[in-house]
Colleague: 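Encoded as structure tokens, here's the structure I'll be asking about.
Here is the naming used below: chain letters follow the sequence lines, and residue numbers restart at 1 for every chain.
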2 protein chains.
Amino acid sequence: MPAGSDLFLRMAWQRMGPSIADVAKLAGVGKGTVSRVLNGRPGVSEQTAAKVRQAIRQLGYTPNVQARRLAQNKSDLICFVLSNRDFLHEFHSLVLKGVESYCSKVGRDLVFALWRYPLDGNLASVVPPRIIANRGSVDGAILAGANHIECVKAISKLGVPCVAFGNNLIGCTYLSEVDSVWYDEQPGTREAIRYLASLGHRHIRFAANISLPWFARNYRAYSEAMLDFGLAPALIAVNDTTDYVEIGERAVQELLDSGEPTTAIFAGNDVVAVSVIRALARRGLKVPRDISVVGFDDSPRCIECDPKLTSVHVPKEALGAECARFLIEKISAPGRVSGARVVSTHLVVRESCAPPRQTS
Amino acid sequence: MPAGSDLFLRMAWQRMGPSIADVAKLAGVGKGTVSRVLNGRPGVSEQTAAKVRQAIRQLGYTPNVQARRLAQNKSDLICFVLSNRDFLHEFHSLVLKGVESYCSKVGRDLVFALWRYPLDGNLASVVPPRIIANRGSVDGAILAGANHIECVKAISKLGVPCVAFGNNLIGCTYLSEVDSVWYDEQPGTREAIRYLASLGHRHIRFAANISLPWFARNYRAYSEAMLDFGLAPALIAVNDTTDYVEIGERAVQELLDSGEPTTAIFAGNDVVAVSVIRALARRGLKVPRDISVVGFDDSPRCIECDPKLTSVHVPKEALGAECARFLIEKISAPGRVSGARVVSTHLVVRESCAPPRQTS
DNA sequence: CTGTTAGCGCTTTCAA
DNA sequence: TTGAAAGCGCTAACAG
């Protein structure tokens with residue numbers, strides 16, 4: 001690689017702009033001084049600082065990020081890892097948005113990576129995303145999507161600071177098993193049950209595949225809330241498929257077959273809820289006239305369907321922002337922060353619930 | 001910063017792993033040789049290569065990306081810029097997925113950035129995303145979302161290789177005005193019209209806000225196809241709102257108010273189409289019995305609604321992959337490739353169309 | 001085939 | 001308050 005301390009030559013040789021040395025020479029100061037000005041560090045007289053700034057402007061100088069990163073041994077890059085998801089659905093899109101906002105506010109950039117591996121907890125064949133494995137590539141990682149807890153631990157052990165999205169963790173037995181951010185399904189679920197009860201409902205059933213941990217957590221919150229209001233929890237389990245639309249359809253079928261009295265259905269999430277409403281409609285049952293439905297997530301489809309869906313709101317952007325904040329704290333104070341952080345949920349009332357039909 | 005050529009000291013001092021020098025010393029070779037082995041460059045005997053690999057394994061060495069980037073003056077990073085969008089909707093999620101697949105296949109990582117600016121073409125107050133402006137941060141950029149053509153040109157002029165998503169470009173007068181990738185609405189639109197015509201439809205109306213360039217392009221494709229099939233194009237324009245749901249509702253209202261004979265509606269996109277179906281249903285009109293509807297995009301909601309929506313498929317992942325391929329070609333052969341690239345569209349038939357109702 | 005050396009552009013002592 | 005100089009870890013040209 002040619003040396004070329006001459007600015008013009010270097011520019012001609014490759015699109016490599018002026019360097020700090022060029023600025024220093026033009027301003028008639030040392031490189032160190034330019035660096036100090038650049039980083040707003042104290043100990044430079046206003047007079048020289050002005051000279052330096054003038055030179056910077058004149059040359060159209062911008063610092064070379066790579067060089068700075070090498071010298072400081074950091075990257076200012078955060079990696080957003082989406083694990084075991086086909087693509088960014090609305091939920092994680094909004095989480096990503098929250099992460100992005102926070103990062104750009106604190107001057108960090110965001111690397112996006114997908115990661116796929118079998119979720120059975122067998123780490124033997126799992127390799128971390130290349131960008132994480134490459135030392136120095138990123139300062140830390142946010143593990144979103146669905147992760148197995150052992151994989152999160154493995155990344156941590158690599159020495160990469162990381163924070164995981166809690167609710168989709170597989171094999172996690174307690175909140176703070178790894179550094180993570182969760183949404184707390186309890187407050188919103190409680191509100192939903194209270195709301196349905198106040199409408200007069202007593203037979204509220206929960207529909208989902210509770211072999212999936214996030215649905216299992218929702219179900220637990222539902223059960224506790226039901227008991228607190230003196231109602232009997234009842235589950236419509238469709239545990240042999242992970243296709244949300246199918247879960248909804250099959251739940252309705254099972255419900256009607258069983259003949260159990262039911263005036264409201266609490267769906268595991270909005271997709272299931274919408275599917276339930278459609279399946280009900282196909283059988284001539286109208287929501288909320290004949291039966292009430294509440295969803296979970298508060299996704300955009302809540303207002304795109306008819307009737308508009310009452311749903312438990314999950315603050316996805318706040319969740320993302322919290323992940324980013326937590327991670328950056330970990331990065332800047334290694335070993336000083338850890339545990340789980342939680343954001344709350346609440347009910348958003350729309351049109352899909354009504355008092356139970358009087359069965360005279 | 002302490003020197004520390006001693007491995008142990010350096011590791012204790014900071015989590016900075018072994019360097020190429022440590023490997024060289026352990027293997028009893030020079031740094032250059034290690035570098036050659038690392039990069040699979042020829043000119044190393046298998047014997048020494050084995051020694052080096054052994055040393056690498058023994059030390060658990062991984063190359064420092066930043067140092068390599070500085071030395072080679074490149075970042076191996078591609079920036080995916082989402083412009084003027086609140087967040088990643090399904091469409092761009094899939095584009096991003098396509099970009100990610102391609103990039104990870106060729107060993108490049110992906111930086112995600114949001115960019116907001118007024119779309120009126122007034123560049124005065126527009127600043128490029130920081131990551132783009134920072135020299136050396138990324139090797140190139142994919143400009144997705146909705147961009148004003150002048151902003152794309154401005155980024156190019158910065159010396160950053162870039163490729164834009166064409167269909168959402170504002171102020172673009174011809175395909176190859178900037179390096180871009182487009183989906184071609186013609187083939188799919190033509191198929192849709194042919195299909196409706198073969199079903200017996202003659203009164204097919206297009207519903208959208210054609211002040212939005214993407215809808216305008218769809219409308220033009222629709223018009224041409226109609227004329228080719230000897231049919232008269234007819235537009236239901238709702239040009240005073242950009243809310244797709246509202247466009248659908250208002251289009252139906254306008255259609256019914258006008259009393260014009262209409263047996264099929266070609267919606268500007270799927271959201272408009274679904275909204276049209278719902279608005280129709282509220283007025284007692286059933287799709288496809290009373291009227292046929294076709295959408296555009298082929299988004300996931302096509303199979304989540306009832307009836308399932310017949311729609312023109314846009315190959316979003318392929319589009320993203322093409323953006324990435326194009327950009328990487330530009331990066332590796334500066335000035336040698338340019339222009340516009342196009343991916344095709346096709347019709348996906350589902351349940352929302354039927355022969356027109358016999359109005360006896 | 002291989003070791004040595006001179007950078008890449010920036011930060012950070014250290015001495016003045 | 002400042003300049004000089006020694007790195008950061010790697011690549012690439014050059015000499016052997």
Side-chain angles (χ1 to χ4, degrees), chain A residues 1-7 9-10 13-25 27-52 56 59 61-76 134-137, chain B residues 1-7 9-10 13-25 27-52 56 59 61-76 134-137:
Chain A
M1 197 176 279
S5 77
D6 175 63
L7 172 59
L9 256 185
R10 265 229 309 298
W13 164 58
Q14 212 178 38
R15 60 177 65 260
M16 201 182 292
S19 82
I20 210 173
D22 302 309
V23 176
K25 199 188 301 172
V29 301
K31 292 200 300 173
T33 304
V34 177
S35 175
R36 276 172 277 234
V37 173
L38 241 30
N39 296 289
R41 254 186 272 288
V44 182
S45 76
E46 182 44 46
Q47 199 177 358
T48 29
K51 271 197 307 192
V52 171
I56 287 175
L59 292 169
Y61 165 85
T62 30
N64 179 310
V65 191
Q66 316 291 4
R68 172 176 300 180
R69 286 173 181 170
L70 174 58
Q72 298 194 140
N73 188 33
K74 64 174 179 111
S75 70
D76 279 338
N134 280 181
R135 189 159 40 87
S137 248
Chain B
M1 197 177 280
S5 76
D6 175 63
L7 171 58
L9 256 184
R10 262 229 310 298
W13 165 58
Q14 211 179 37
R15 61 176 64 259
M16 200 182 292
S19 85
I20 210 173
D22 302 309
V23 175
K25 200 188 302 171
V29 301
K31 290 199 304 172
T33 304
V34 176
S35 176
R36 273 170 277 228
V37 173
L38 240 33
N39 297 289
R41 259 186 270 288
V44 182
S45 77
E46 182 45 44
Q47 201 179 353
T48 30
K51 271 196 308 191
V52 171
I56 287 175
L59 292 169
Y61 165 83
T62 29
N64 179 311
V65 191
Q66 315 292 3
R68 173 177 298 180
R69 286 174 180 167
L70 174 58
Q72 297 193 140
N73 187 33
K74 64 176 177 109
S75 70
D76 280 337
N134 279 181
R135 188 159 41 85
S137 248

Colleague: Out of C:dC1, D:dT1, C:dC8, which has the shortest distance to the side chain of B:A71?
Modeller: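 Comparing C:dC1, D:dT1, C:dC8 against the side chain of B:A71, the answer is C:dC8.
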Colleague: Can you name the nearest heavy-atom pair linking B:Q66 to A:S75, along with the distance?
Modeller: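 Minimum heavy-atom separation between B:Q66 and A:S75: NE2-CB, 3.1 Å.
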Colleague: Please report, rounded to the nearest Å, how far the C1' atom of C:dC8 is from the CZ atom of B:R68.
Modeller: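 Between C1' of C:dC8 and CZ of B:R68: 15 Å.
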Colleague: Choosing from D:dT1, C:dC1, C:dC10, which nucleotide comes nearest the side chain of B:T48?
Modeller: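 Of D:dT1, C:dC1, C:dC10, C:dC1 is nearest to the side chain of B:T48.
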Colleague: Rounded to whole angstrom units, what separation is found between the NZ atom of A:K25 and the C1' atom of C:dC10?
Modeller: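 To the nearest whole Å, that distance equals 17 Å.
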Colleague: Rounded to the Å, how far apart are B:Q72 CD and D:dC8 C1'?
Modeller: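 Spelled out: CD on B:Q72 to C1' on D:dC8 is 16 Å.
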Colleague: Would you classify A:V29 as touching base, sugar-phosphate or nothing, given that sugar-phosphate means primed atoms plus P, OP1 and OP2, and contacts are heavy atoms under 4.0 Å?
Modeller: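 Sugar-phosphate: the residue A:V29, judged by heavy atoms under 4.0 Å, touches backbone atoms but no base.
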Colleague: Could you check A:S35 against B:V44 and say which one's nearest nucleotide on DNA chain C is further toward the 5' end?
Modeller: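 The residue whose closest nucleotide sits nearer the 5' end is B:V44.
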Colleague: Please confirm whether the shortest side-chain N or O distance from B:T33 to OP1 or OP2 of C:dG3 is below 4.0 Å.
Modeller: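 The answer is yes; a side-chain N or O of B:T33 sits under 4.0 Å from OP1 or OP2.
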Colleague: Separation of B:L70 atom CG from C:dC10 atom P, in whole Å?
Modeller: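 After rounding, the reported distance stands at 9 Å.
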Colleague: A:Q66 has an atom CD; how far is it from atom C1' of C:dG7, in whole Å?
Modeller: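 So the two atoms are 16 Å apart, to the nearest Å.
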Colleague: Quick one, B:K51 and B:T33 - any side-chain contact, counting heavy atoms below 4.5 Å?
Modeller: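 No, their side chains stay 4.5 Å or more apart.
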Colleague: Taking for each residue the nucleotide of DNA chain D with the nearest heavy atom, is it A:Q47 or B:I20 whose nucleotide lies nearer the 5' end?
Modeller: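 Looking at DNA chain D, the more 5' nearest nucleotide goes with A:Q47.
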Colleague: Please determine which of B:V37, B:V29, B:V34 meets the side chain to side chain contact (heavy atoms under 4.5 Å, CB included) test together with B:T48.
Modeller: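 Only one option passes, and that is B:V29.
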Colleague: Which nucleotide wins on minimum distance to the side chain of B:R41, given the candidates D:dC10, C:dC10, D:dA12?
Modeller: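 For the B:R41 side chain, the nearest candidate turns out to be D:dA12.
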Colleague: Compare all side-chain heavy atoms of A:S137 with those of B:R69 and state whether any distance is below 4.5 angstrom.
Modeller: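 Yes, at least one pair of side-chain atoms sits under 4.5 Å.
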Colleague: Figure out the NZ/C1' separation between B:K31 and C:dC8, and round it to whole Å.
Modeller: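 Taking atom C1' of C:dC8 as the reference, NZ of B:K31 is at 12 Å.
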Colleague: Are A:L38 and A:I20 close enough that some pair of their side-chain heavy atoms sits under 4.5 Å apart?
Modeller: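 Side-chain contact under 4.5 Å: yes.
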Colleague: Without decimals, in angstroms, what is the distance between A:R36 CZ and C:dT11 C1'?
Modeller: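 Roughly 10 Å, once rounded to whole Å.
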Colleague: Tell me whether the side-chain N/O atoms of B:N39 come closer than 4.0 Å to OP1 or OP2 in D:dT11.
Modeller: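 It does, given that an N or O in the side chain of B:N39 lies less than 4.0 Å from OP1 or OP2 of D:dT11.
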Colleague: Quickly work out the B:K51 NZ to C:dG3 C1' distance and round it to whole Å.
Modeller: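 From B:K51 NZ to C:dG3 C1': 12 Å.
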